[in-house]
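What follows is a set of notes on a single structure, which appears directly below.
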Amino acid sequence: GLPELRERIAGLYKTWYGGAVAADRVVVTTGSSGAFVLAFLALFDVGARVGLSAPGYPCYRHILSALGCNPMILPAGPETRWMPRAEDVLGQSCLDGLLLASPANPTGTMLEPERLQAIIQACDARGITFISDEIYHGLTYERPAETALRYSDRAIVINSFSKYFSMTGWRVGWMIVPQELVRTVERLAQNFFIAPPTISQRAAIGAFDGID
C-alpha cells in the first residue's frame, strides 16, 4: 500500500478507538476479499479448522474451502443475539482459527465489548488465531463498535473502504496484522495481486478528508 494511505489508516485507529497502531502493521489489500485470501493463506495450512458463526457471510466458508481448510460452523440464535459466546469457543476441540464479524452480516448484530474480550481471551488461551471482520464499523446506532485490537495485538483485523467510506467497487481494503506476519502477507500479496489499483488508493487517501 502507498505509505501515505497506510499512515492515514493507522491514524483512524487513534481517532475511532483511542489506540495506537503502527503504520507498518497496515497492509492495503484488493478489497476485503483479498484480505481474507491473504490472511487464510498466511495463517492456515490445508486441513486447518476455522470457526465461523452461523448465520454468516457465505464467502468466508467458500474461500476457506477453496484453500483446503475446514469451516467449522458455530450455530447461534436469538438467545445469544446471533453471536457465539466464549464458552462456545472453548467447547470446540482443535480449532486453528475463529473469524467473527461485528457488526455482522446478515444479522446486523454486534458483540458487546465484554463478550468480544472474553472470546478473544479464550482464543489466546487456546492458541486459536482470532480474525475480526470490522467492515461495518462506523455504521452503528446505540454505541460504537469496538476493535479487537483493544484486547489483543495478536488479532488479525480486516476492514475496507466499501461500507463506511461508501467506496464500493473501488476494491480497497486493509489488514492490521502482528509485526511478525507483515512480511509473509506482503510476499503473498506481491504474488497474488501485486497491489490494489493506485488510483483507488489515491481516492482512499482523499476519503479521509471527506469524513464529515
Side-chain angles (χ1 to χ4, degrees), residues 1-17 19-43 56-64 66-67 99-106 108 110 129-140 144-150 153 155-179 181-212:
L2 296 173
E4 183 182 355
L5 180 54
R6 295 171 79 182
E7 290 281 356
R8 298 298 292 268
I9 292 170
L12 188 68
Y13 286 80
K14 186 172 182 60
T15 302
W16 277 4
Y17 312 109
V21 170
D24 60 1
R25 291 178 57 196
V26 178
V27 181
V28 182
T29 61
T30 308
S32 63
S33 297
F36 290 118
V37 171
L38 292 171
F40 297 160
L41 284 169
L43 294 166
Y57 182 49
C59 292
Y60 299 148
R61 66 179 187 272
H62 296 162
I63 296 171
L64 285 165
L67 296 176
L99 168 58
L100 293 180
S102 177
N105 175 1
M110 190 165 69
T129 301
F130 185 79
I131 304 173
S132 182
D133 180 354
E134 300 184 356
I135 195 170
Y136 292 104
H137 279 212
L139 305 179
T140 58
E146 188 57 89
T147 179
L149 296 174
R150 181 176 294 277
D153 279 339
I156 310 296
V157 166
I158 293 174
N159 208 325
S160 167
F161 285 87
S162 295
K163 309 302 189 223
Y164 178 80
F165 289 95
S166 303
M167 289 180 61
T168 305
W170 288 79
R171 310 312 304 147
V172 189
W174 74 84
M175 307 167 65
I176 311 293
V177 301
Q179 193 70 56
L181 205 62
V182 171
R183 193 69 192 108
T184 299
V185 173
E186 285 178 344
R187 290 197 300 266
L188 287 166
Q190 171 66 29
N191 286 279
F192 275 84
F193 308 109
I194 301 179
T198 302
I199 191 171
S200 296
Q201 293 192 61
R202 292 289 180 193
I205 292 170
F208 283 102
D209 297 323
I211 287 178
D212 289 345

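For clarity, every value in this text was computed on a predicted model and none was experimentally measured.
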Give a yes or no on whether the backbone of Ser162 and the side-chain of Ser160 come within a donor-acceptor separation of less than 3.5 Å. yes
Restricting to non-hydrogen atoms, name the atom on Val26 and the atom on Arg6 that form the minimum distance, rounded to 0.1 Å. O-NE, 2.7 Å
Given Phe208 and Phe161, is the ring-ring contact (aromatic ring centres under 6.0 Å, His included) satisfied, shown in steps? CA-CA 10 Å; Phe208 283 102; Phe161 285 87; 5.8 Å; yes
Rounded to the nearest 0.5 Å, what separates atom NZ in Lys163 from atom CD1 in Ile135? 4.5 Å
Around atom CD1 of Ile194, are there more than 12 heavy atoms of other residues, nucleotides or ligands at under 6.0 Å? no
Would you say Tyr17 and Leu149 make side-chain contact, with heavy atoms under 4.5 Å? no
Where Gly34 and Thr29 come nearest, the two heavy atoms and their spacing: C-CB, 4.4 Å
Where Ala145 and Ser102 come nearest, the two heavy atoms and their spacing: CB-O, 4.4 Å
Applying side-chain contact (heavy atoms from CB on, under 4.5 Å), run through Val37 and Ile63 and close with a yes or a no. CA-CA 7 Å; Val37 171; Ile63 296 171; 4.0 Å; yes
Under a 4.0 Å threshold between the charged nitrogen and the carboxylate oxygen, would Asp209 count as salt-bridged to Arg8? yes
Using a 4.5 Å cut-off on heavy atoms from C-beta on, say whether the side chain of Pro103 contacts that of Met110. yes
Rounded to the nearest 0.5 Å, the SG atom of Cys59 sits from the CG atom of Asn105 at a distance of 9.0 Å
Heavy-atom check, side chain of Ile158 versus side chain of Trp174, under 4.5 Å: no
In the structure I gave you, are the side-chain heavy atoms of Phe193 and Leu188 within less than 4.5 Å of one another anywhere? no
Determine which pairs satisfy side chain to side chain donor-acceptor pair (under 3.5 Å) with at least one residue from residues 190-206, sequence neighbours left out, and list them in order. none
Straight-line distance of Tyr13 OH to Ile176 CD1, nearest 0.5 Å: 4.5 Å
Please check if the side chain of Glu7 supplies one atom and the backbone of Ala22 the other of a donor-acceptor pair under 3.5 Å. no
With heavy-atom distances below 4.5 Å as the criterion, would you say the side chains of His137 and Tyr164 are in contact? no
Are side-chain heavy atoms of Asp133 and Leu99 found at a separation under 4.5 Å? yes
pair Val172-Pro197: side-chain heavy atoms closer than 4.5 Å: no
Arg25 side chain to Val177 backbone, donor-acceptor under 3.5 Å: yes
Quick one, Ile156 and Phe130 - any side-chain contact, counting heavy atoms below 4.5 Å? no
List the atom of Tyr60, the atom of Phe40, and the distance in Å for their closest heavy-atom pair. O-CE1, 4.1 Å
Nearest 0.5 Å please: distance from the CG atom of Leu41 over to the CG atom of Leu38. 7.0 Å
Where do Leu181 and Val27 land on the side-chain contact (heavy atoms from CB on, under 4.5 Å) test, with the steps shown first? CA-CA 10 Å; Leu181 205 62; Val27 181; over 6 Å; no
Does Asn159 reach the main-chain N or O of Glu134 with its side chain, forming a donor-acceptor pair under 3.5 Å? yes
